[in-house]
There are 2 protein chains.
Amino acid sequence: MDFSIGELSRRTGVKVPTIRYYEQIGLLPSPPRTEGQQRRYGKDAVSRLAFIRHARELGFELDAIRALLSLQDNPDQSCAAADTIAKDRLVEVERRIAALTALRTELRRMIDECACGRVAECRVIETLADTSHSHGRLAEG
Amino acid sequence: MDFSIGELSRRTGVKVPTIRYYEQIGLLPSPPRTEGQQRRYGKDAVSRLAFIRHARELGFELDAIRALLSLQDNPDQSCAAADTIAKDRLVEVERRIAALTALRTELRRMIDECACGRVAECRVIETLADTSHSHGRLAEG
DNA sequence: CTACTTCCTATAGTGACTATAGGTTCAAGA
DNA sequence: TCTTGAACCTATAGTCACTATAGGAAGTAG
Ligand SMILES: [Zn+2]
Ligand SMILES: [Zn+2]
Ligand SMILES: [Zn+2]
Ligand SMILES: [Zn+2]
């Protein structure tokens, strides 16, 4: 009924050091230990960690996940805060798709136009040296 | 004809500490100094730094930029290496657009389906808790 | 009981910066 | 010439979300 950190890792797909890291920053509660100080988990830990994993895959930051988890722990509260977090994430994802689509266009053009000769005539290098425009900062996922 | 690091920053849009960081890791050459050890730059530094900035905006990693710069310094070489770097970046951008588009779909659905009531019925929280699928790692820009 | 895997803590490293502390130099105005 | 204040200098630590390493202890199968 209770199992080791390695087994929790296998059941959730989250690496062992990452689980310990989540505990250290207070995202996962400290589990009970064996006499020899090894962690022992139950089913609750599996679902909590799977929640975290899914949220991370959707690109939520750990602070946002912390907030979402604390909402999950209080099911009678309004879910407005959760929806706001999700909407903020959606806006960010849309912004990034737009930015990456612009990058794709420019990358494709510079690759297509290159005749694959000497660096002196390379469109890739030329395009990178062209500072007549800007893209703004490209940030995290 | 030569100017300070602050002026270089203004001309390229790259922040002063970032310029010093680029020098420290060998991406920019160490410029001459005044008697009081302050850096003095010329036009070459502006174009090199603008190249780096544009490449960063397109999401190239500093190691890739290092390689591109060393190609630019040898204009008689074949540009095949530059093209490979650009193609790799394009593949990565396309992968990320696909991943983000999938995230957008899921985020939109979970936001749309939420009736904005209690957390207990919130589709956002429910969707995050649903582990019946996976998205793989979401990495950098 | 031995061998082997897994576990433990603590610390440092990753990438690409950004921030801070505490001091020095430069340029312009009085 | 002197003074003020912005801009400069180095060195170090912090950011985010991990990942890697070292050096040892605990658990388990045979
Ligand atoms: Zn080329
Ligand atoms: Zn561009
Ligand atoms: Zn909701
Ligand atoms: Zn999902």
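These numbers come from the heavy atoms of this one structure, side chains and all, not from hydrogens, waters or symmetry mates. Chain letters run A, B, ... following the sequence lines, proteins first, then strands; residues in each count from 1.
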[X] [atom1] to [N] [atom2], straight-line distance once rounded to whole Å:
{"X": "B:Ile5", "N": "D:dC9", "atom1": "CD1", "atom2": "P", "result": "5 Å"}
{"X": "A:Leu27", "N": "D:dC18", "atom1": "CG", "atom2": "P", "result": "9 Å"}
{"X": "A:Glu7", "N": "C:dT5", "atom1": "CD", "atom2": "P", "result": "18 Å"}
{"X": "A:Gln24", "N": "D:dT19", "atom1": "CD", "atom2": "C1'", "result": "13 Å"}
{"X": "B:Asp63", "N": "C:dG15", "atom1": "CG", "atom2": "P", "result": "7 Å"}
{"X": "B:Arg33", "N": "C:dT24", "atom1": "CZ", "atom2": "P", "result": "16 Å"}
{"X": "B:Arg40", "N": "D:dC9", "atom1": "CZ", "atom2": "C1'", "result": "12 Å"}
{"X": "A:Ile25", "N": "D:dC18", "atom1": "CD1", "atom2": "C1'", "result": "10 Å"}

Joint hydrophobic cluster, A:Ile19 plus A:Ile25, side-chain heavy atoms closer than 4.5 Å:
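Yes; A:Ile25 is reachable from A:Ile19 via cluster members.
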Hey, which of these two, B:Leu62 or B:Thr34, hits DNA chain C nearer its 5' end, going by closest nucleotide?
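Nearest-nucleotide comparison on DNA chain C picks B:Leu62.
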Just checking A:Arg20: base, sugar-phosphate only, or nothing, at a heavy-atom cut-off of under 4.0 Å?
base
Sugar-phosphate, base or nothing in reach of B:Arg10, heavy atoms under 4.0 Å:
nothing
Hey, are the side chains of [X] and [Y] touching, using non-hydrogen atoms and a 4.5 Å cut-off?
{"X": "A:Gln72", "Y": "A:Leu68", "result": "no"}
{"X": "A:Val14", "Y": "A:Tyr21", "result": "no"}
{"X": "B:Glu106", "Y": "A:His54", "result": "yes"}

Among [options], which nucleotide has an atom closest to any side-chain atom of [X]?
{"X": "A:Pro17", "options": "D:dT19, C:dC17, C:dC26", "value": "D:dT19"}
{"X": "A:Thr18", "options": "D:dC9, C:dC8, D:dT19", "value": "D:dT19"}
{"X": "A:Arg56", "options": "D:dA17, C:dC17, D:dT10", "value": "D:dA17"}

Please give me the minimum heavy-atom distance between B:Arg53 and A:Ser134, naming the atom from each residue.
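Scanning both residues completely, I find the closest heavy atoms to be NH2-OG, 3.5 Å.
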With a 4.0 Å cutoff (strictly under), does any side-chain N or O of [X] reach OP1 or OP2 of [N]?
{"X": "B:Ser4", "N": "D:dC8", "answer": "yes"}
{"X": "A:Arg53", "N": "D:dA17", "answer": "no"}
{"X": "B:Arg39", "N": "D:dC8", "answer": "no"}

Pairwise 5' ranking along DNA chain D for A:Gln38 and A:Tyr22, keeping only the more 5' one
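First, find each residue's nearest nucleotide; the 5'-ward one identifies A:Tyr22.
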5' priority, DNA chain D, between A:Phe60 and B:Gly36 [closest heavy atom]:
B:Gly36
